[in-house]
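Worksheet: the structure to be examined is printed underneath.
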Amino acid sequence: MATFIRRIIVSYIFLALCLFAGTGFLPGVASFGINYGQVANNLPPPDKVLEFLSSLKITKARIYDTNPQVLSNFANSNVELIVTVENQILSQLGDPQQALQWVSTHIKPYVPDTKITGIQVGNEVYTDDDTTLVQYLVPAMVNIHNALAQLGIGSNIHVSTPCSLAVLQESYPPSAGSFKSEISGTMNQLLNFLSSTKSPFWINAYPYFAYKDNPTGISLDYALFNPNAGMVDPNTHLHYDNMLYAQVDAVVFAMAKLGYNGIEVRVSETGWPSKGDPNESGATVINAATYNRNLLRRQMANEGTPLRPRMRLEAYLFALFNEDMKPGPTSERNYGLFQPDESMAYNAGLSALSTTSTASISLTSSAAKTKGAPMDYRSLVFWMIVCLMTSTLFVRTTL
């Protein structure tokens with residue numbers, strides 16, 4: 001009898017753990033994505049960066065190359081990496097043998113010890129100054145995908161490419177989202193590849209740029225995720241209280257107009273500069289801290305966009321460090337959440353992650369399509385199991 005009761009108790013406890021894990025009741029490792037740019041001459045070495053990321057409980061990072069020092073130092077860590085194929089070698093990777101050689105040299109030696117979860121083929125190729133790159137993009141992606149499969153290492157590595165929001169002809173309201181007509185042919189090829197390989201469409205989305213270009217016409221609070229009246233899409237009647245979600249949904253609508261409805265959209269870059277030139281409206285420490293803090297708060301709530309409320313939006317913040325060698329306006333060198341000496345450029349709320357193990361800023365890909373169960377549901381599940389356990393014990397002990 002005692003053995004039977006113990007088995008029943010163990011069974012119910014196991015059931016409870018499964019249910020709670022599925023609903024997010026048990027605290028997990030805090031995780032969100034951050035871009036680890038390296039266009040600087042004063043950054044800490046990769047092993048120190050790994051220690052820094054670990055202290056912040058950051059478990060997802062994206063780099064803009066396949067730096068062997070980073071890949072080696074991040075081995076046997078809990079940090080997942082997305083790596084990048086540089087634009088200038090895309091034409092070479094149109095050759096399947098060269099793509100196989102690239103994967104054999106830049107990826108295979110490091111997996112599975114280094115958790116490479118994605119390969120970004122190029123960066124903003126559609127809007128690159130070299131317009132000839134577009135023709136090489138999809139062939140390079142296909143060849144890299146095939147090379148991963150040929151080498152037996154492709155099951156956990158998605159192949160995609162990040163696009164600038166400038167690929168859209170229209171983005172407002174979101175339901176009007178459409179791709180520029182001049183890229184519709186190659187965009188169709190890209191979407192077909194992503195659909196067939198179940199890979200995400202990555203977008204670099206910066207509400208800052210829209211606000212900078214039209215500070216009198218765009219609400220700063222709307223751009224920063226602050227409380228505001230927002231806008232209602234006249235075609236869908238969906239309400240948007242921030243620009244980033246509107247930008248993401250515009251991409252979803254643009255894909256749907258080309259016949260692709262099931263591809264997940266993820267944000268490969270978003271952020272706000274803490275300093276800018278006199279003509280860069282809104283580039284301030286206060287606005288940068290506000291944008292990133294509010295975005296992190298949304299991620300803690302596992303939010304989706306109004307169009308896809310049950311699909312948690314995955315986003316990578318730009319960037320980990322200020323990068324002193326980046327060309328362009330002052331803002332380009334001041335997107336970092338941290339200075340190269342690891343001191344905060346401003347407080348975006350990341351310090352909470354380093355002091356508590358129950359922080360829950362989670363963007364893990366495996367759960368991207370499941371919305372966390374509401375607390376009342378979790379409580380109901382809990383009490384159902386308690387009642388089942390109690391009733392079983394009562395029945396068995398009274399027999």
Side-chain angles (χ1 to χ4, degrees), residues 29-40 43 49-50 52-64 79-84 117-118 120 123-124 162 164-165 200 202-209 211 223-226 242-245 247-248 265-275 282-303 305 312-323 326 331-340 342-354 359-365 368:
V29 177
S31 169
F32 73 97
I34 197 160
N35 287 276
Y36 169 23
Q38 301 165 69
V39 187
L43 298 181
V49 173
L50 176 60
F52 186 50
L53 292 174
S54 298
S55 73
L56 294 169
K57 296 184 170 60
I58 295 174
T59 62
K60 284 175 168 288
R62 173 176 172 241
I63 59 175
Y64 291 83
V79 177
E80 299 179 4
L81 277 179
I82 293 177
V83 301
T84 305
T117 59
Q120 303 281 40
N123 186 49
E124 298 189 345
S164 160
L165 205 67
W202 290 93
I203 190 78
N204 294 343
Y206 288 89
Y208 163 72
F209 290 140
Y211 177 78
L224 293 176
F225 290 93
N226 278 337
N242 70 85
M243 183 180 290
L244 180 66
Y245 288 5
Q247 291 174 334
V248 170
V265 177
R266 299 180 186 171
V267 178
S268 39
E269 289 182 18
T270 192
W272 199 285
S274 59
K275 186 187 299 184
T284 68
V285 169
I286 292 176
N287 288 343
T290 300
Y291 181 82
N292 287 313
R293 185 185 292 270
N294 284 339
L295 176 60
L296 290 175
R297 188 176 295 116
R298 298 295 183 113
Q299 303 301 343
M300 288 177 70
N302 290 336
E303 283 191 357
T305 66
R312 180 172 56 200
L313 179 63
E314 181 165 337
Y316 280 61
L317 294 182
F318 187 87
L320 182 58
F321 297 114
N322 282 332
E323 300 171 71
K326 292 197 72 173
S331 62
E332 286 296 312
R333 293 175 288 282
N334 290 278
Y335 274 92
L337 276 64
F338 297 91
Q339 303 290 0
E342 300 182 6
S343 63
M344 286 191 298
Y346 51 85
N347 186 358
L350 294 183
S351 57
L353 296 182
S354 62
S360 180
I361 303 175
S362 180
L363 296 172
T364 51
S365 304

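Remember, predicted model here, so these are calculated numbers, not experimental data.
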(request) Find out whether F338 and L56 are in side-chain contact, i.e. whether some heavy atom of one side chain is under 4.5 Å from a heavy atom of the other. (result) yes

(message) Between T117 and I82 (side chain of the first, backbone of the second, donor and acceptor by atom type, cut-off under 3.5 Å), is there such a pair?
(response) no

(message) Please report the interatomic distance CG(N35) to CG(L320), rounded to the nearest 0.5 Å.
(response) 9.5 Å

(request) Identify the two heavy atoms, one from V267 and one from T270, that lie closest to each other, and give their separation to 0.1 Å. (result) CG1-CB, 3.8 Å

(message) Using 0.5 Å steps for rounding, measure from the CD atom of E303 to the CG atom of L295.
(response) 9.5 Å

(request) Can you see which heavy atom on A223 is nearest to which on Y211, and at what distance? (result) CB-CB, 4.4 Å

(message) If only side-chain N and O atoms count, and only distance matters, is there a donor-acceptor pair under 3.5 Å linking Y64 with R62?
(response) yes

(request) Identify the heavy atoms of P207 and W272 that sit nearest to each other, and give their distance. (result) C-CZ3, 4.1 Å

(message) Rounded at 0.5 Å granularity, tell me how far CD1 in I286 sits from OG in S274.
(response) 11.5 Å

(request) Calculate, to the nearest 0.5 Å, the distance between atoms OH and CD belonging to Y36 and E323 respectively. (result) 10.0 Å

(message) Within the structure provided, determine whether R298 and L313 are in side-chain contact (heavy-atom separation under 4.5 Å).
(response) no

(message) Ring centroids only, cut at 6.0 angstrom: are Y208 and F318 within range, meaning strictly under it?
(response) no

(request) Determine whether L50 and V79 make a side-chain contact, defined as any pair of heavy atoms from C-beta on separated by less than 4.5 Å. (result) yes

(request) Considering non-hydrogen atoms only, spot the tightest contact between P162 and N123 and give its length. (result) CG-OD1, 3.2 Å

(request) Would you please name every residue forming a salt bridge (charged side-chain N to carboxylate O under 4.0 Å, His left out) with E332, sequence neighbours left out? (result) K326

(message) Restricting to salt bridge (charged side-chain N to carboxylate O under 4.0 Å, His left out), what partner residues turn up for E124, sequence neighbours left out?
(response) none

(request) Tell me, please, which residues at least two apart from A345 pass side chain to side chain contact (heavy atoms under 4.5 Å, CB included). (result) N322, Q339

(message) Using side-chain heavy atoms (C-beta onward) and a distance below 4.5 Å, is N294 in contact with N242?
(response) no

(message) To the nearest 0.5 Å, what is the distance between CG on L224 and OG1 on T290?
(response) 6.0 Å

(message) How long is the straight-line distance from OG1 of T59 back to CD1 of I34, given to the nearest 0.5 Å?
(response) 11.5 Å

(request) Give a yes-or-no answer on whether the side chains of N292 and Y346 include a donor-acceptor pair shorter than 3.5 Å. (result) yes

(request) Taking all heavy atoms of N347 and all of A289, pick out the closest pair and write down the distance. (result) O-CB, 3.8 Å

(message) Below 30° counts as parallel, above 60° as perpendicular, anything between as tilted: where do the rings of F225 and Y291 land?
(response) tilted

(request) Would you name the heavy atoms of P200 and W202 that are closest together and state the gap between them? (result) CG-NE1, 3.3 Å

(request) Please check if any side-chain donor atom of S268 sits under 3.5 Å from a side-chain acceptor atom of N204, or the reverse. (result) yes

